[in-house]
Amino acid sequence: MITKSSKSKPSSTAMDPVIWSKLPQELLEHILCFLPLKTFLSLRSTCKHFNSLVFSPTFITKHSSGSGLCSFLLLSHQQFYSHFPLYDTIIGSWRDLALPFSLFPPFGSSQFTLISSSNGLLCFALPSCCSFLVCNMLAKSSRVIELPFFPFSFELLTLVSTPKGYKIFTLCTKFSSNRAFVYDSVVHSWTEHDGYQPLLFENFHQQGAFYDGSLCFTTPEPFSVVCFDLGTGKWGNLNVEMPRELTFVRLVSGVSDRKKLYMLGGIGRNGISRSMRLWELKEGKKWEEIERLPELMCRKFVSVCYHNYEHVYCFWHRGMICVCCHTWPEILYYKVERRSWHWLPKCPWLPDKWSCGFRWFSFVPQLHALA
C-alpha cells in the first residue's frame, strides 16, 4: 500500500515536470546541444519548437561545437568509386561515405570528380553534364551549376561558404590572358573578372586561402602573395616582405577565424628544402615564424615529394593545418593549439599497389549549409 506522503514526494531519480517546464529556453537549447544528432532528430516530432531548431543556424552551430559532431578528413582517389574514405578526427577511426546518386542529375553520376569543400558542402565537377554540383550530404540537398560556357577549362577552383550561401571562384585557362569567374549562390549567376599576370598555375592542386574577404594565392618565384576580393572582383598584392631562401610556399586560412593567415614554406637553395617552417601573418604587416617541422619529419616529407613541390597542398581542418602531397597517401598535420606535428597514416582500405592522385579535403557536416 502506498501512503499519501510517498505519493507527494517524487523519487530522487525522477524528473519533476513542474521544474523542467519552467526551464529557460536558452538553457534547454544548451542541453539539447549535447544530444547525439540522431537522437535530436528523433525529437523533431515532439513539438514545433524542437523541429524549428533544425533550421536554426545558431543552434546547429552550437550543436556542432557542443556535442562533438563528427568532423572528417575525406580522401578522394581514383581507385575508389562512388564512395570516400573518411577519417574521424574526433574518435580517431576510419569510416566510409557512400554517395547518394539521387543528388546527381541524370547521367551525371557516371563521371564526377570532387574538387572542393567548405562548411559541410562538397563541390563536384560533372564533365558529362558540363556543370558543377554542390551538395550537402547531411541535408541531402544539391544544386547543379551550369558552366559559364563550353568548353570551360578551369584551375584553382575554390568553394567559399558565406553567411547567405556560397561562392565559387575559378580561373579559366582558355584565354591567352586568363580570366576569373565567380558564381554567387544568392543570385544564381556567374560574373567575369580580369585575371592576374603572371599566371598562378604552378601549383594546380592548391586552392585559394580565404582571408579578410579575399582569396589569397602565391605566385611562382619571386614568391609573393596576391589577393582577389570576392566582393569587388579586384586583384591586389599583399605588400609584406617574404622570408628569404624560400623553395616553395603554401597559404592556409583558419576557417573558424578568417582574420588569420598562415604560410607554410621550405627553406633551402637550388630548389632543395633543408627545413620547413610555418609563419603567421601578424596585423597584416609581417610574417612571424611560429614553428619549424622536426628534422626527421622534414626528411621524410621532402623524400615523399622528391622535391617536386607542385604536388604539395595545404588546408585548414578544425584547428589543424594539414599538409598533403598528391603522390603520397598520408597527411602531415600541425595542431595549432598544442603546437605539435603528427602523421596521419594512410587509409587501410587502399590497395598495396597504390598510385598518385590522392586528394584530401576537410569535411565538417552542417545541416544548415545551403546547397
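Of all non-hydrogen atoms in His317 and Thr89, the two that sit nearest each other are NE2-OG1, 3.4 Å. A pairwise comparison of heavy atoms in Gln78 and Cys356 identifies NE2-O, 3.6 Å as the closest pair. Nearest heavy-atom pair, Ala180 versus Asp194, reported as atom, atom and distance to 0.1 Å: CB-O, 3.7 Å. Nearest heavy-atom pair across Phe124 and Leu122 is CE1-CB, 3.8 Å.
Residue pairs satisfying the ring-ring contact (aromatic ring centres under 6.0 Å, His included) criterion with at least one member in residues 275-301, sequence neighbours excluded, are absent.
The side chain to side chain donor-acceptor pair (under 3.5 Å) test applied to Glu295 returns Arg299, not counting sequence neighbours.
Aromatic pair Tyr183/Phe132: ring centres not closer than 6.0 Å. Checked against the 6.0 Å centroid criterion, the rings of Tyr196 and Phe228 do not qualify as a close aromatic pair. The aromatic ring centres of Phe169 and Phe210 sit 6.0 Å or more apart.
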Worksheet item: Given the rule in the side-chain contact (heavy atoms from CB on, under 4.5 Å) test, do His188 and Ile145 qualify, once you have shown the distances and angles that lead to the verdict?
Response: CA-CA 8 Å; His188 308 303; Ile145 302 169; over 6 Å; no
Item to complete: Kindly determine whether Leu73 and Tyr333 satisfy side-chain contact (heavy atoms from CB on, under 4.5 Å), including the steps that lead there.
Response: CA-CA 11 Å; Leu73 293 171; Tyr333 63 94; 5.7 Å; no
Practice prompt. Take Phe154 and Phe181 through the test ring-ring contact (aromatic ring centres under 6.0 Å, His included) and record every step on the way to the result.
Written response: CA-CA 9 Å; Phe154 61 90; Phe181 290 83; over 10 Å; no
Discussion item. For a side-chain contact (heavy atoms from CB on, under 4.5 Å) check, start with the C-alpha distance between Val304 and Leu332, then their side-chain angles and the critical distance, and finish with the verdict.
Written reply: CA-CA 11 Å; Val304 162; Leu332 173 67; over 6 Å; no
Worksheet item: Run the side-chain contact (heavy atoms from CB on, under 4.5 Å) check on Gln207 and Ser116 step by step: do they pass?
Response: CA-CA 8 Å; Gln207 301 185 25; Ser116 190; 2.8 Å; yes
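At least one donor-acceptor pair closer than 3.5 Å links the side chain of Thr219 to the backbone N or O of Ser224. The backbone N or O of Ser362 lies less than 3.5 Å from a partner atom in the side chain of Ser117, making a donor-acceptor pair. Looking only at distances, no side-chain donor or acceptor of Arg277 sits under 3.5 Å from a matching main-chain atom of Glu289. Put simply, the side chain of Ser118 never gets that close to the backbone of Leu121: no donor and acceptor are under 3.5 Å apart. No side-chain donor-acceptor contact under 3.5 Å links Asn237 to the backbone of Asn239. At distances below 3.5 Å, not a single donor-acceptor pair connects side-chain atoms of Glu241 with backbone N or O atoms of Lys286. Distance alone, capped at 3.5 Å, places no donor-acceptor pair between the Ser253 side chain and the Tyr211 backbone. Under the 3.5 Å distance criterion, the side-chain polar atoms of Arg339 are matched with a main-chain donor or acceptor of Ile290.
Partner of Tyr166 under the side chain to side chain contact (heavy atoms under 4.5 Å, CB included) criterion, out of Val134, Val186, Leu370, Asn119: Val134 alone. Under the side chain to side chain contact (heavy atoms under 4.5 Å, CB included) test applied with Cys347, the options Trp94, Phe84, Phe358, Tyr87 reduce to a single match, Trp94.
By the 4.0 Å N-to-carboxylate-O rule, Glu280 lies close enough to Lys282 to be salt-bridged with it.
For Lys140, the NZ atom sits in a loose shell: 12 or fewer heavy atoms of surrounding residues, nucleotides or ligands are nearer than 6.0 Å.
The side-chain tip of Arg359 points at the ring of Tyr313 from less than 6.0 angstrom away and within 45° of straight on. A cation-pi arrangement, defined by a distance under 6.0 Å to the six-membered ring centre and an angle within 45 degrees of its axis, is absent between Lys260 and Trp316.
Ser275 contributes atom OG, which lies 9.0 Å from atom CD of Glu245 (distance to the nearest 0.5 angstrom). Here the straight-line distance linking atom CG of Leu126 with atom CG of Leu133 works out to 5.5 Å at 0.5 Å rounding.
Side chain to side chain, Ser273 and Tyr309 meet the donor-acceptor criterion of an N or O pair below 3.5 Å.
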